[in-house]
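Each remark here refers to the structure printed beneath this line.
Naming convention: chains lettered A, B, ... in sequence-line order (proteins, then strands); numbering from 1 in each chain.
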Amino acid sequence: MPDFSDAEGNRISGVYGAIYKLKSMLPGNEDALFAFSFEKDNESEYTPAVLYQTDRFKDILSNAGVPELLDVSKGAAGSSELIAYLESELVKLSPTGKVTKTPQFELNIIKTSDLNEVEEIFKNAHEYGAKSKDNYIGYFLMREGNKDTASKKKDTVGIALCFDEKSAVYIPVENFISESYIGNKLAELSKDCALVTFDIKDGYDIFEPYEISGRTSGYDAEDTSYLTSPKCFDTLIGAYLCNPIKNDYAIEDISKEYLKIPFDKRSDVFGKTSIKEADADKLADYACKASYICKTSAPLIREKLAKAGMENLFYYIEMPLSYILFAMEKEGIIARKDELKAYSDKLAIRIAELEKAIYEAAGCEFNINSPKQLGEVLFEKLGLPAEKKTKSGYSTAADVLEKLAPDNKIVADILEYRGLAKLKSTYADGLAAYIDSDGRIHTSFNQTITATGRISSTEPNLQNIPMRTEEGRLIRKVFVPKDGYVFADADYSQIELRILAHMSEDKGLIEAYHEGEDIHRITASKVFHVPFEDVTPLQRRNAKAVNFGIVYGISSFGLSQDLSISRSEAKEYMDKYFETYPGVKEYQDKVIASAKETGVSDTLFGRKRPIPELKASNFNLRQFGERVAMNAPIQGTAADIMKIAMINVFFRIKRENLKSRLILQIHDELVIETAPDEKDTVTNILTQEMESAADLSVPMEVDCHIGNDWYESK
DNA sequence: GTGGCCTGCAA
DNA sequence: TATTGCAGGCCAC
């Protein structure tokens, strides 16, 4: 809605705030009324919700029965009637039936870069923090990267510290106060005090917390030292664990959710201009408030984690993991630019050929990359039978085109074109743009994105490098270890299905994993009642598809799509599967029932995923909720186990003083850039630590390969 | 420029 | 009308 604000510049949001403020302004302050404006100078700027709120505000006021009070020319005489009316409307609008004032920052903001004063401040902070493990010291770094290079190195402009409820101090980086000075001070503090910030990974290049620098041991589920000694606390990770299905966890969202204090977005405060150019007072104000939000929200988030039984997950898995992700990002992976270019050029030649052939066959030139134009050419101009429709036209997806390809060369060409164009734009050219001046690609591993607890990778995404087809897989040859080194690549064998066996306690499935090598074949043998040796390739393929489907929270439709069979056939497979492994069905029913009751499903290590869809009135949405309830504990537990393995691998490498470094994680796979004389050691570490990261009722098997590039090692 | 849509890559 | 992601190209706004 049009911004309502009072004389002090405090923003009031929504119709509730507007009326509350109006009421408070009425007595003896007639002029204040004029501060409100109903002008909608440009309606298109406002969302429907905003227009609705504005109209609602107008309605409430005009229903007062005393409209003349709102007339500018008559002032606000007789406002007591209006106040009484507004009072009653407020109670109706308030969710709690109570009228409360929006909390505001009440912070004394101090700014200094005088060395003596700063020394004193850190001394005071230490004294405060060392007094009690619950005395959190909030800190917030004002940092900025430069956009023109591929480098992700950020500059630090200043730091805010908050260690009491009433004040915070901003220390600009200037004169004697350098980035490394601040880093050293934080490292010192972290020995005795609980530091709390937002997005701790972002600052690890400045300081390494004592709990990391002084550590060489892996994950210990029995450790409870977080109850007695100070540990670093990241409010971003904490807020994510408390509710992993939100879209963003910006600091202003944390302020709003946990403190109920509105806080302006960084982009709104500073716009697009560099914060190095920004007004010093504005910087101090923003940073100090942010550090205050960290300090004040930490105990609230921690309480929530404790109530949900996620303190161990937070302190012993996610917090140390954040450092490991930082280290992997910093290490990066070499990508050979020249090879990438050669690969791209090779693709370009074939793409040009295909383009020509496609235009010729179509009888016109058009944009093959446009599904709209492509659909028109194929299904109207050439009159091919259209199958599926999308919201905006014909579907030209691969599964549709594949059915037409055998009879139509143009369609086969289009499919080949698509495949090559994808490789060129996303992988060959796309990856090349991310090669840093050190010849390496430094991806970002994101810890607070997925609903299930997985890590994600961006800029670039190194978790979806082609694997399935040979021509795509060749991309992996451009990823190489440094001179003389090799890659060690270890991946879990069917970890999700093994977790299902463990969690469902199904006797047959557990037995199958103790029996032998090929789970899909064993399943086929049991499901189709044929001897293990007599399982046909088709039977094995079908069993494999069902195994996958089960993990995703199967539907007969989905399975039928995957196998290109009828729904009833798919249903038959599923029934047979559940007959074979009845414990799986019982388990799935159990987790759905439990999720319906509690609203969440959870992993072996206590990670929780809320599933609001289970309460939806829409049938499809509810069905989706059930599939999610079945999948989340499995995918999430796999993520937990991998994270534990990463912690154990990382600190073991450190403990044994190795030169090799963890560089990639792809959900069930780890890649280590391995020193030549450490090949065997690293292979053993990966295999042992990954296989022993959790104790399941079935073995966790790991395959580890050594290679001179990622193509070879995978 | 931004965002929705379609498409396709991985585990 | 199978789970979790990220990204490029197109195209309407």
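Using a 4.0 Å heavy-atom criterion, one finds that A/Ile465 contacts the sugar-phosphate atoms exclusively. Within the nucleic acid shown, A/Ile554 comes within 4.0 Å of at least one base atom, counting heavy atoms only. Contact annotation for A/Ser395: backbone-only contact, meaning every heavy-atom pair under 4.0 Å involves sugar-phosphate atoms and none involves a base. Across all strands shown, A/Ala421 has no heavy atoms under 4.0 Å from either base or sugar-phosphate atoms. Here A/Ala629 lies out of heavy-atom contact (under 4.0 Å) with every strand. Base contact: A/Gly549 has a heavy atom under 4.0 Å from a base atom.
Every residue two or more places apart in sequence or in another chain was checked for a salt bridge (Lys or Arg N to Asp or Glu O under 4.0 Å) with A/Arg418, and none qualifies. Looking at residues two or more places apart in sequence or on another chain, you find a salt bridge (Lys or Arg N to Asp or Glu O under 4.0 Å) between A/Arg350 and A/Glu353, A/Glu416. Applying the salt bridge (Lys or Arg N to Asp or Glu O under 4.0 Å) test to A/Glu387 and every residue at least two apart in sequence or in another chain returns A/Lys403. Taking the ring-ring contact (aromatic ring centres under 6.0 Å, His included) definition, one finds that A/Phe270 meets it with A/Tyr286, sequence neighbours left out. Shown here are the ring-ring contact (aromatic ring centres under 6.0 Å, His included) partners of A/Tyr417, two or more places apart in sequence or in another chain: there are none. Under the rule for a salt bridge (Lys or Arg N to Asp or Glu O under 4.0 Å), A/Lys608 has no partner lying at least two apart in sequence or in another chain.
The minimum heavy-atom distance between A/Thr683 and A/Thr687, with the atom names listed, is O-OG1, 2.7 Å.
Pairs passing the ring pair (Phe, Tyr, Trp, His ring centres under 6.0 Å) check and including a residue from residues 455-477 of chain A, sequence neighbours excluded, do not occur.
The nucleotide range of DNA chain B contacted by chain A, defined by atoms under 4.0 angstrom from heavy atoms of the protein and reported 5' to 3', is B/dC5 to B/dA11.
Both tests hold for A/Arg473 against A/Tyr711: distance to the six-membered ring centre under 6.0 Å, angle to the ring axis within 45°.
Whole-Å rounding puts the A/Arg627 CZ to C/dA2 C1' distance at 6 Å. Summarising the geometry, the separation between CZ on A/Arg607 and C1' on C/dT3 is reported as 16 Å, rounded to the nearest angstrom. For the pair A/Asn547 CG and C/dA2 C1', the interatomic distance rounds to 14 Å; values are reported in whole Å. What separates CE of A/Met574 from C1' of C/dT1 is a distance of 12 Å, to the nearest Å.
Residues of residues 562-571 of chain A having a heavy atom closer than 4.0 Å to DNA chain C, listed by number: A/Asp562, A/Arg567.
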Less than 3.5 Å apart, which donor and acceptor atoms pair up between the side chains of residues 448-455 of chain A and the rest of the protein, not counting sequence neighbours?
{"residue": "A/Thr450", "atom": "OG1", "partner": "A/Gly453", "partner atom": "N", "Å": "3.1"}
{"residue": "A/Thr450", "atom": "OG1", "partner": "A/Arg454", "partner atom": "N", "Å": "2.8"}
{"residue": "A/Thr450", "atom": "OG1", "partner": "A/Arg454", "partner atom": "O", "Å": "2.7"}
{"residue": "A/Thr452", "atom": "OG1", "partner": "A/Gln635", "partner atom": "OE1", "Å": "2.7"}

Identify every side-chain donor-acceptor pair in residues 341-348 of chain A under 3.5 Å, counting partners at least two apart or on other chains, and give the distances.
{"residue": "A/Lys341", "atom": "NZ", "partner": "A/Asp345", "partner atom": "OD1", "Å": "3.2"}
{"residue": "A/Lys341", "atom": "NZ", "partner": "A/Asp345", "partner atom": "OD2", "Å": "3.0"}
{"residue": "A/Tyr343", "atom": "OH", "partner": "A/Glu471", "partner atom": "O", "Å": "2.5"}
{"residue": "A/Ser344", "atom": "OG", "partner": "A/Asp429", "partner atom": "OD1", "Å": "2.7"}

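Across the P atoms, B/dC5 and C/dT1 are found 14 Å apart, a figure rounded to whole Å.
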*asked:* Using a 4.0 Å heavy-atom cut-off to protein, can you give one letter per nucleotide of nucleotides 4-11 of chain C, 5' to 3': B if the base is in contact, S if only the sugar-phosphate is, - if neither?
replied: BBSSSSSS
